[in-house]
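Any value given below was found using the heavy atoms of this structure, including those in side chains, with hydrogens, waters and symmetry copies removed. Note that the structure is predicted; figures quoted are calculated from it, not measured. Per chain, numbering begins at 1; letters A, B, ... match sequence-line order.
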Protein chains: 2
Amino acid sequence: MIKAERIRIYDVARVAGVSVATASKALNDTGRMTEETRRRVKDTAAALGFRPNAMARALTGQRSFTVGLLTNDTYGRFTLPVMAGISEALVDEGVSVFLCGIEDDPALGKVHVDAMLDKQVDGIIATGKRVDRSLPVDLSQLPVPVVYAFTQGPKDAVTLVSDDGQGAREATERLLKSGRRRLAHITGPASFASVVERAAAFQEVAGADAPVLNGTWSEAWGHEAVAQLWGGKGPYPDAVFCGNDQIARGVVDALRERDVSVPREVSVIGFDNWEIVAAATRPPLTTVDMNLKELGREAGRLILELAKREPVEPGIRKLPCKLVVRQSCGGESAE
Amino acid sequence: MIKAERIRIYDVARVAGVSVATASKALNDTGRMTEETRRRVKDTAAALGFRPNAMARALTGQRSFTVGLLTNDTYGRFTLPVMAGISEALVDEGVSVFLCGIEDDPALGKVHVDAMLDKQVDGIIATGKRVDRSLPVDLSQLPVPVVYAFTQGPKDAVTLVSDDGQGAREATERLLKSGRRRLAHITGPASFASVVERAAAFQEVAGADAPVLNGTWSEAWGHEAVAQLWGGKGPYPDAVFCGNDQIARGVVDALRERDVSVPREVSVIGFDNWEIVAAATRPPLTTVDMNLKELGREAGRLILELAKREPVEPGIRKLPCKLVVRQSCGGESAE
């Protein structure tokens with residue numbers, strides 16, 4: 001294996017005909033020199049393929065242009081859109097995002113956090129698989145700023161979550177507006193804060209007596225819930241708002257097998273906009289998108305501000321969800 | 001935000017009552033000193049929460065205990081199991097894996113590779129979304145070792161791929177062994193090397209006249225292919241081997257809607273063992289698992305050997321797939 005020669009600042013200085021100190025200042029946009037000298041140093045550095053050593057730079061207390069992303073969502077369901085958003089927000093600043101996965105093992109988590117700190121990341125964004133659980137590592141005393149996105153942060157931290165209540169309200173209002181009157185909500189386990197929040201918003205709009213059925217986050221539960229709701233002699237629901245897309249897919253399939261037409265007789269709306277499930281459902285699912293990519297973008301913007309030592313107000317920021325209209329709720333596309 | 005005080009080696013040396021040089025040697029397991037001194041330094045370091053600065057360590061040419069993972073699989077479908085395997089292989093060595101996502105933009109890719117090199121990673125593992133495409137960045141001249149896993153590497157690189165031919169053969173043999181005789185293969189676009197390899201293995205076992213139908217990687221294509229195969233007057237297939245789990249799910253659903261019983265009348269086997277699809281299919285899918293986690297583990301072991309400058313034979317290594325037996329192929333579970 002051929003080792004690429006590493007170009008050092010000494011080489012840049014020599015070729016540009018300046019001292020190392022001047023070369024360094026020129027590249028860091030500090031110090032006093034003519035614009036021509038600064039330009040010559042920069043051009044020389046570019047021509048030689050000089051890469052300012054991020055480690056040496058970090059050792060002097062400057063930014064390292066890397067942000068660490070820590071997650072325990074090993075399935076990637078929520079983390080990958082968040083990561084895509086962070087990358088989008090940071091790429092123009094020349095900042096790279098490094099994702100490190102931790103399981104629910106605190107000791108292991110500490111090893112990886114230490115590794116990130118050793119690499120002098122400019123900041124750490126913590127993310128996870130649910131907003132009402134925190135990661136198994138304490139990030140509150142780190143020497144770098146931390147932003148929490150789609151995971152629980154400590155009080156006084158900067159935390160970003162999706163506004164599940166607003167998303168659920170919007171979905172329910174859509175069903176009412178399209179003329180549906182007998183609404184039901186089929187959702188996940190009540191031990192999830194998001195389940196409670198979505199159900200409360202649903203009943204706020206649909207009425208306190210509109211049924212909420214709790215089960216698991218699965219297609220099988222969608223089938224079972226339909227069997228329960230359509231098991232008696234009616235009247236049956238004319239609209240079902242589901243806690244996630246897997247449940248919604250089970251509901252749509254179960255209704256088809258009962259010869260109940262979606263969306264003609266029953267409207268169905270899911271939650272998550274998990275493409276692989278939502279788009280493959282027949283008919284494709286109308287569903288609430290938590291806008292995780294935008295949440296990631298915002299996390300990227302905030303960690304950058306913190307890294308630049310700009311003031312950022314702590315607290316929980318709720319970012320709006322958006323209803324993605326396909327065909328399962330009936331009618332016209334997007335609002 | 002409170003900044004944690006950084007403990008330096010000077011502090012360790014002072015508290016342990018030795019020189020900085022001795023403290024450094026003690027922690028690096030080099031130099032000569034009594035075992036008692038070495039132990040005292042290490043205990044002191046541990047008690048103070050001293051974290052040897054990876055950057056300073058890397059600047060002296062030692063290992064940084066970080067491996068970079070580069071991917072253009074932004075969906076994470078293939079990359080996350082690979083990453084989980086790498087992490088498993090490296091965690092006991094105290095090595096962290098940092099994932100960096102690149103899109104298909106070479107300029108952007110270079111920024112991220114440079115960031116990894118700046119952090120002095122001990123090696124880079126490249127992975128992607130298909131084995132017959134390479135990443136949009138040239139990694140062949142880097143100053144650190146590179147292993148390619150589930151993406152195309154240059155000649156003479158160390159490359160790991162799943163043995164799709166063996167996987168397809170095993171699935172087809174399973175169908176024959178269970179007494180099926182009229183086998184069909186419904187798969188993805190022939191522009192994928194894996195499609196060609198799986199189809200060839202299928203026909204090698206099932207016979208050159210066994211039909212192969214190419215389409216898209218979707219449930220919709222599974223439905224359409226069933227309509228084609230069951231559209232005429234028969235005889236109809238009694239077994240379908242599918243190119244991925246999404247196609248297989250479409251096939252199973254389409255057969256159910258035609259009142260053809262899976263697995264009683266027709267056996268179906270998928271490919272990928274994508275839990276979310278395979279386990280939710282009714283009946284749950286028997287499917288070929290590419291063992292991506294094991295592929296990741298092997299990539300982790302190899303990059304570590306390369307980082308330690310141990311000799312590793314270049315070339316393409318094919319790792320075996322494994323048939324995961326659920327209910328769609330009929331009968332008994334695992335072999």
Side-chain angles (χ1 to χ4, degrees), chain A residues 1-6 51-59 64-66 68-69 74-77 79-80 83-84 87 91 94-101 108 111-112 114-120 140-143 145-146 218-220 223 246 249-250 253 256-257 274 276-277 280 282 306, chain B residues 1-6 51-59 64-66 68-69 74-77 79-80 83-84 87 91 94-101 103 108 111-112 114-120 141-143 145-146 218-220 223 246 249-250 253 256-257 274 276-277 280 282 306:
Chain A
M1 178 161 295
I2 299 163
K3 298 227 164 196
E5 281 284 306
R6 204 69 185 268
R51 185 168 51 237
N53 189 316
M55 306 231 283
R57 198 166 55 207
L59 282 172
S64 80
F65 292 90
T66 318
L69 177 62
T74 43
Y75 205 72
R77 177 75 194 74
T79 294
L80 288 168
M83 181 172 180
S87 297
V91 69
V95 176
S96 294
V97 184
F98 287 168
L99 170 72
C100 194
L108 199 55
V111 167
H112 294 312
D114 283 355
M116 283 186 171
L117 293 178
D118 274 343
K119 300 297 175 197
Q120 310 279 17
S140 64
Q141 299 294 321
L142 299 188
V146 178
S218 67
E219 290 188 38
H223 281 272
Q246 287 159 276
R249 175 155 194 183
D253 283 351
R256 186 187 322 103
E257 285 162 26
W274 194 4
I276 178 72
V277 178
R282 297 171 301 143
L306 287 166
Chain B
M1 177 162 297
I2 298 162
K3 297 226 165 197
E5 280 284 307
R6 204 68 184 268
R51 185 169 50 236
N53 189 316
M55 305 231 287
R57 200 166 53 208
L59 281 172
S64 81
F65 292 90
T66 317
L69 177 62
T74 44
Y75 205 71
R77 176 78 194 72
T79 294
L80 288 168
M83 181 172 181
S87 297
V91 70
V95 175
S96 295
V97 184
F98 288 167
L99 171 72
C100 194
E103 313 264 337
L108 200 53
V111 167
H112 294 312
D114 283 355
M116 283 186 171
L117 293 177
D118 273 343
K119 299 298 174 195
Q120 309 279 16
Q141 299 295 320
L142 299 188
V146 178
S218 67
E219 291 187 39
H223 281 272
Q246 287 158 276
R249 175 155 193 180
D253 283 352
R256 186 187 322 103
E257 285 162 25
W274 194 4
I276 180 72
V277 178
R282 295 171 303 141
L306 287 166

Relative to chain A, which segment of [X] carries a heavy atom at a distance below 4.5 Å: side chain, backbone, both, or neither?
| X | result |
| --- | --- |
| B:E257 | side chain |
| B:A220 | neither |
| B:R282 | side chain |
| B:V97 | backbone |
| B:M116 | both |
| B:I276 | both |

Evaluate A:C100 against A:H112 for side chain to side chain contact (heavy atoms under 4.5 Å, CB included), listing each step before the verdict.
CA-CA 7 Å; A:C100 194; A:H112 294 312; 3.5 Å; yes
Less than 4.5 Å to any heavy atom of chain B: does that hold for the side chain of A:A280, its backbone, both, or neither?
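Contact with chain B involves both backbone and side-chain atoms of A:A280.
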To the nearest 0.5 Å, how far apart are CZ in B:F98 and CE in B:M83?
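Going from the CZ atom of B:F98 to the CE atom of B:M83 covers 9.0 Å.
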Show the numbers, then the answer: is there a side chain to side chain contact (heavy atoms under 4.5 Å, CB included) between A:L80 and B:L80?
CA-CA 10 Å; A:L80 288 168; B:L80 288 168; 3.4 Å; yes
Apply the test side-chain hydrogen bond (donor to acceptor under 3.5 Å, both in side chains) to residues B:T66 and A:K119: give CA-CA distance (whole Å), side-chain angles for both, the deciding distance (0.1 Å), then the verdict.
CA-CA 9 Å; B:T66 317; A:K119 300 297 175 197; 3.0 Å; yes
Yes or no on side chain to side chain contact (heavy atoms under 4.5 Å, CB included) for B:V111 and A:V91, after CA distance, side-chain angles and deciding distance?
CA-CA 9 Å; B:V111 167; A:V91 69; 5.7 Å; no
For residues B:V146 and B:L306, determine if any side-chain heavy atom of one lies less than 4.5 Å from a side-chain heavy atom of the other.
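Side chain of B:V146 against side chain of B:L306, heavy atoms only: no contact under 4.5 Å found.
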